[in-house]
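Reading through the structure tokens given below for one structure.
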Amino acid sequence: MVKVEDIQQCAAGLLEKGQVKSVLGFRRGTAGAMAEPCTITEAAEAGTLVWDPTCLNNLALYLVKDRKQQAASKTPDIRPIGIVAKGCDSRAVAVLLQENYFKREEVFVIGVSCEGTGVIDPKKVATLLKGRSPSRVEFDGADGFKLTLRGGEMQVPAREILADRCLECRAASPALNDVVFGEPSGERGYATPFHAAKEALGASETERWAAWEHHFDRCLRCFACRSVCPMCYCPECVVDSTSFVIEPQTSAEEKANRIKWCERSPNTSESAVYHLTRAIHLAGRCVDCGECERVCPVNIPLRLLNTMLEMEAFEMFHYQAGHDLSQASLLSSFRDEDPNSFIR
Amino acid sequence: MSNPSQTTATAPTAPQEHEPRIVAFQCKWCTSAGSDLAGVSRIQYPANAVPIQVMCSGMVSPMYVLSAFNKGADGVLVSGCHPGDCHYMKGNFFARRKLYLVQKLLQFIGLESDRFRMSWISAAEGTKYAQVISDFVRDMKALGPQRKLKAKR
């Protein structure tokens with residue numbers, strides 16, 4: 001069982017000794033039971049840190065944001081940052097390190113094992129409680145949660161409200177860490193890995209297209225999935241050209257000759273190009289933190305696209321994102337025995 | 001006297017067979033040379049493929065493929081040197097891995113799996129080039145126009 005005091009003490013110690021400039025963690029949010037990400041810079045603030053099943057966010061995103069801020073700053077503060085990391089967050093840090101986005105000594109990973117369970121899916125909780133929201137969600141033993149409601153407490157088996165990605169999680173304890181709290185734990189046996197992707201593949205071609213056409217059609221192109229993804233750190237995205245902006249003096253000819261991969265308009269075809277491009281750019285990099293799916297305002301099952309590619313990478317190329325820091329990335333390596341039969 | 005070509009154009013005809021448009025990304029060193037050989041050998045093959053010469057099959061970004069479908073291609077072919085014969089030593093190995101994932105992704109969202117193809121065609125295989133294109137065109141005619149990913153403009 002992870003004691004939140006341990007995390008708080010660790011964070012306070014790091015800050016007191018000046019080992020880190022700040023610690024990324026979770027604090028109690030203002031809306032209901034949900035925790036929210038926070039940055040603490042003083043040892044005295046360490047008491048506000050929490051650890052419970054509502055710590056959904058992938059904090060590696062804020063490491064990327066800090067990196068961007070430091071790069072733009074005239075007086076960059078290069079002291080390391082501490083980060084409270086679940087299994088998936090630590091994989092995200094590992095992928096960023098593998099890509100040399102920052103150096104190993106620039107980050108201090110306070111690993112927290114999810115142990116037998118993981119984090120909740122707020123939508124599943126809302127369904128379970130028929131719209132009522134709990135005031136507190138806590139771990140309860142190895143495979144359950146305790147919800148505190150106005151009327152009293154209630155015990156819920158983890159399987160019922162666990163986030164989809166946690167059901168399929170293969171590495172719940174952070175492999176990359178400087179210090180780790182909680183018992184190490186691997187596969188939890190709630191669902192087989194890649195269960196959702198395999199199930200989706202079971203449908204016929206027509207059914208799959210009908211489903212995805214509906215999803216792409218719904219997409220608002222709000223780019224929340226891109227904003228929340230720790231791996232989507234490109235300063236310029238293919239879908240919105242910032243270095244070739246259209247200005248009043250841009251001639252019609254210039255506009256016509258400019259390379260445009262897809263339009264910004266939220267059409268089915270353009271959204272399809274956007275989502276497929278994002279999926280392929282995340283191939284071998286996605287750590288399955290499920291953030292894209294969580295933030296989607298129209299509930300597009302984006303995780304499926306990514307996990308399908310993770311499944312292919314794992315089964316055909318024996319590659320797991322964030323598994324081995326010294327490994328070459330999926331698309332910059334090859335093996336002689338890679339599949340060749342699909343080629344004429 | 002009326003122009004015979006005009007009269008045939010205006011006369012009511014049977015519904016026209018769909019002429020597929022195929023975008024073929026061909027590597028400069030093998031497949032493009034192979035298609036040249038098919039040309040100089042006067043091998044007959046359908047003219048539906050638009051050849052785009054790229055320096056190596058390894059430089060074909062997944063975006064090229066998606067963009068081709070978005071702009072109305074019925075089929076996309078990526079063709080390069082046989083494994084081990086790459087002019088840049090290993091470009092086609094990278095291409096194989098990358099485009100395998102693209103193919104799986106397109107299948108996953110429900111695009112007909114036949115619409116995206118890869119082939120290895122060397123500079124000496126003019127007949128194979130003609131064969132690959134003819135097969136592709138035949139299959140695309142059977143499948144009909146690609147409307148799933150095509151932009152509605």
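Labels below follow one simple rule: chain letters A, B, ... track the order of the sequence lines, proteins then strands, and each chain is numbered from 1.
For the pair A/Glu168 and A/Arg303, the salt-bridge criterion is met [side-chain N within less than 4.0 Å of a carboxylate O]. A salt bridge does not link A/Arg170 to A/Glu310: none of the charged side-chain nitrogens sits closer than 4.0 Å to a carboxylate oxygen. B/Glu19 has a carboxylate O that lies under 4.0 Å from a charged side-chain N of B/Lys141, or vice versa, which qualifies the two as a salt bridge.
For chain B, the nearby parts of A/Phe317 are the backbone and the side chain; heavy atoms of each come within less than 4.5 Å. At a 4.5 Å heavy-atom cutoff, the contact between A/Trp212 and chain B is made by side-chain atoms alone. In this structure, chain A has a heavy atom under 4.5 Å from the side chain of B/Leu106, while its backbone stays farther away. Contact annotation for B/Glu112: both backbone and side-chain heavy atoms come within less than 4.5 Å of a heavy atom of chain A. Of the two parts of B/Lys150, only the backbone, made up of N, CA, C and O, holds a non-hydrogen atom closer than 4.5 Å to a non-hydrogen atom of chain A.
A heavy-atom distance below 4.5 Å is not found between the side chains of B/Val23 and B/Leu77. Inter-residue side-chain proximity for B/Ile43 and B/Thr127 is flagged as met; some heavy-atom pair is nearer than 4.5 Å. Side-chain contact between A/Cys219 and A/His275: present, with at least one pair of heavy atoms (C-beta onward) separated by less than 4.5 Å.
In this structure, the side chain of A/Arg91 does not engage the main chain of A/His323 through any donor-acceptor pair within 3.5 Å. No donor-acceptor pair closer than 3.5 Å links the side chain of B/Gln26 to the backbone N or O of B/Ser35. Remark: side-chain polar atoms of A/Arg226 are not paired, donor with acceptor, to backbone N or O of A/Cys232 under 3.5 angstrom. Here the side chain of A/Lys124 pairs a donor or acceptor atom with the backbone of A/Leu162 at under 3.5 angstrom. A distance-only check finds a donor-acceptor pair linking the side chain of A/Arg218 to the backbone of A/Val298 [under 3.5 Å].
Proximity to chain B at a heavy-atom threshold of 4.5 Å picks out nothing from residues 286-297 of chain A. Inspection of non-hydrogen atoms places A/Leu331, A/Ser332, A/Ser333, A/Phe334, A/Arg335, A/Asp336, A/Asp338, A/Pro339, A/Asn340, A/Phe342, A/Ile343, A/Arg344 of residues 331-344 of chain A under 4.5 Å from chain B. Within residues 86-94 of chain B, the residues that have a heavy atom under 4.5 Å from a heavy atom of chain A are B/Lys90, B/Phe93, B/Phe94, listed by number. Of residues 56-66 of chain B, those residues with a non-hydrogen atom less than 4.5 Å from any non-hydrogen atom of chain A are, in numerical order, B/Pro62, B/Met63, B/Tyr64, B/Leu66.
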(request) Tell me, with the steps shown, if A/His195 and A/Asp164 meet side-chain contact (heavy atoms from CB on, under 4.5 Å). (result) CA-CA 10 Å; A/His195 169 78; A/Asp164 284 345; over 6 Å; no
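Aromatic rings from A/Tyr274 and A/Phe223 are positioned such that their centres are separated by under 6.0 Å.
Under the 3.5 Å distance criterion, with hydrogens and angles disregarded, a donor-acceptor pair is assigned to the side chains of A/Ser326 and A/Asp324.
Within the cation-pi definition used here (under 6.0 Å to the ring centroid, within 45° of the axis), B/Arg97 does not qualify as a partner of B/Tyr100.
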